[in-house]
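Structure first, then comments.
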Amino acid sequence: GHNVLRMSSGVQIKPKTAVQKSKTSPLPCSPEPAIKPQPKPSDKLNPKTIDPFGAHSRPPSAFAAIYAKGGIPCRLVHGSVRHRLQWECLPETVPFDPLLVTLAEGLRETKHPYTFVSKEGFKELLMVEGAAEKAIPLLPRLVPVLKAALAHSDDEVFGRGLDALVQLSAVVGPSLNDHLKHLLTNLSRRLMDKKFREKITVALQKLEQYGGKVS
């Protein structure tokens, strides 16, 4: 009986070690493989965990990480004609801080569905009642984020940043005037590009309209 017990214990050690190795090896990016040897159920459904190349080449952006964790209270609904956002709760009840800033940061995304969620979410949040009072205190944080979108090399990112700037200006009005000087350099650079010349000119006219005489 003693020999059988020893053999069974010896047999158990090897498979256990093999199982531990096999569980940790598919997750080389896990920061704590010793503490979390077993992948979470959600990881199995996450394409980024399955893809051995994507995980190493580029870590997810801050916006993508927040979106993956459910930190953006709206999701994309595919329609036959056009896509739309579905909010988990009324946009009027969502705190602008930090969501409006997070959505603005998402304007720099280049992958679907982040591109749509950030652009549409930013626009719809600014359409709620009392948006001006909620957005104005966030301008010192919003403007640098919009500036980064306007400085982006991707044309679509620049276009989303320009649209967002005009939408923000329409809501906060003259409150944006003191911040415009930080953005005009990026606009003037793209003004040399024929495909953006008309769009930027229209945007500048709207900024002047919403900002009043001072702008």
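All of these numbers come straight from a predicted model, not from anything done at the bench.
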Report yes or no: does Arg189 contribute a side-chain atom to a donor-acceptor pair with the main-chain N or O of Ala151 at less than 3.5 Å? no
Grouping I, L, V, M, F, W and Y whenever their side-chain heavy atoms are under 4.5 Å apart, do Leu107 and Val145 come out in a common cluster? yes
Is Leu176 linked to Leu126 within one hydrophobic cluster, defined over Ile, Leu, Val, Met, Phe, Trp and Tyr using a side-chain heavy-atom separation of less than 4.5 Å? yes
Please name the pair of heavy atoms, one in Pro95 and one in Leu99, separated by the smallest distance, quoted to 0.1 Å. O-CB, 3.5 Å
Determine the interplanar angle of the Tyr67 and Phe63 rings, folded into 0 to 90°, and report it as parallel if under 30°, tilted if 30 to 60°, perpendicular if over 60°. parallel
Can you confirm whether more than 12 heavy atoms, excluding those of Lys199, are under 6.0 Å from its NZ atom? yes
Can you tell whether the side chains of Arg190 and Asp155 come within less than 4.0 Å, N to carboxylate O? yes
CD of Glu208 to CG of Asn177, rounded to nearest 0.5 Å, is 10.0 Å
Pick one: which of Leu183, Leu150, Leu146, Val202 meets side-chain contact (heavy atoms from CB on, under 4.5 Å) with Leu162? Leu150
Hydrophobic cluster membership, Val143 vs Tyr210, 4.5 Å side-chain cutoff: no
Should the heavy atoms of other residues, nucleotides or ligands under 6.0 Å from CD of Glu198 be counted, would the total exceed 12? no
Please report the closest heavy-atom contact between Ile136 and Pro140, naming both atoms and the distance. O-CD, 4.2 Å
May I ask you to check whether over 12 heavy atoms, not counting those of Glu156, lie within 6.0 Å of atom CD? no
Is Pro91 close to Met127 at the side-chain level, that is, under 4.5 Å between some pair of heavy atoms? no
For Phe196 and Phe158, take the angle between the two ring planes, folded into 0 to 90°, and tell me which bin it lands in: parallel under 30, tilted 30 to 60, perpendicular over 60. perpendicular
May I ask you to check whether over 12 heavy atoms, not counting those of Lys181, lie within 6.0 Å of atom NZ? yes
Minimum heavy-atom distance Ala104-Phe122, with the two atoms named: CB-CE1, 3.8 Å
Could you give the distance from CZ (Arg108) to OG1 (Thr115), rounded to the nearest 0.5 Å? 14.5 Å
Distance col, row Leu125:CG vs Cys74:SG, nearest 0.5 angstrom, shows 8.5 Å
Please report the shortest heavy-atom distance between His179 and Leu139, naming the atom on each side. NE2-CB, 3.8 Å
Could you tell me whether the side chain of Arg160 and the main chain of Lys119 form a donor-acceptor pair under 3.5 Å? no
Rounded to the nearest 0.5 Å, what separation is found between the CZ atom of Phe116 and the CZ atom of Arg82? 6.5 Å
Between Pro73 and Val94 the two heavy atoms that sit nearest each other are CG-CG1, 4.1 Å
Close side-chain approach of Asp97 to Arg141, heavy-atom, < 4.5 Å: yes
Quick one: does Thr201's side chain have a donor or acceptor within less than 3.5 Å of a partner on Arg197's backbone? yes
Approximate separation, where rounding is to 0.5 Å, of Leu207 CG and Ile200 CD1: 11.0 Å
How long is the straight-line distance from CD of Glu109 back to CG of Asp154, given to the nearest 0.5 Å? 11.0 Å
With the 4.5 Å side-chain cut-off for hydrophobic clustering, are Leu191 and Leu184 part of the same group? yes
Joint cluster assignment, Leu180 & Val166, ILVMFWY side-chain distance < 4.5 Å: no
For Lys134 and Glu92, work out which heavy atoms get closest and say how close. NZ-O, 3.1 Å
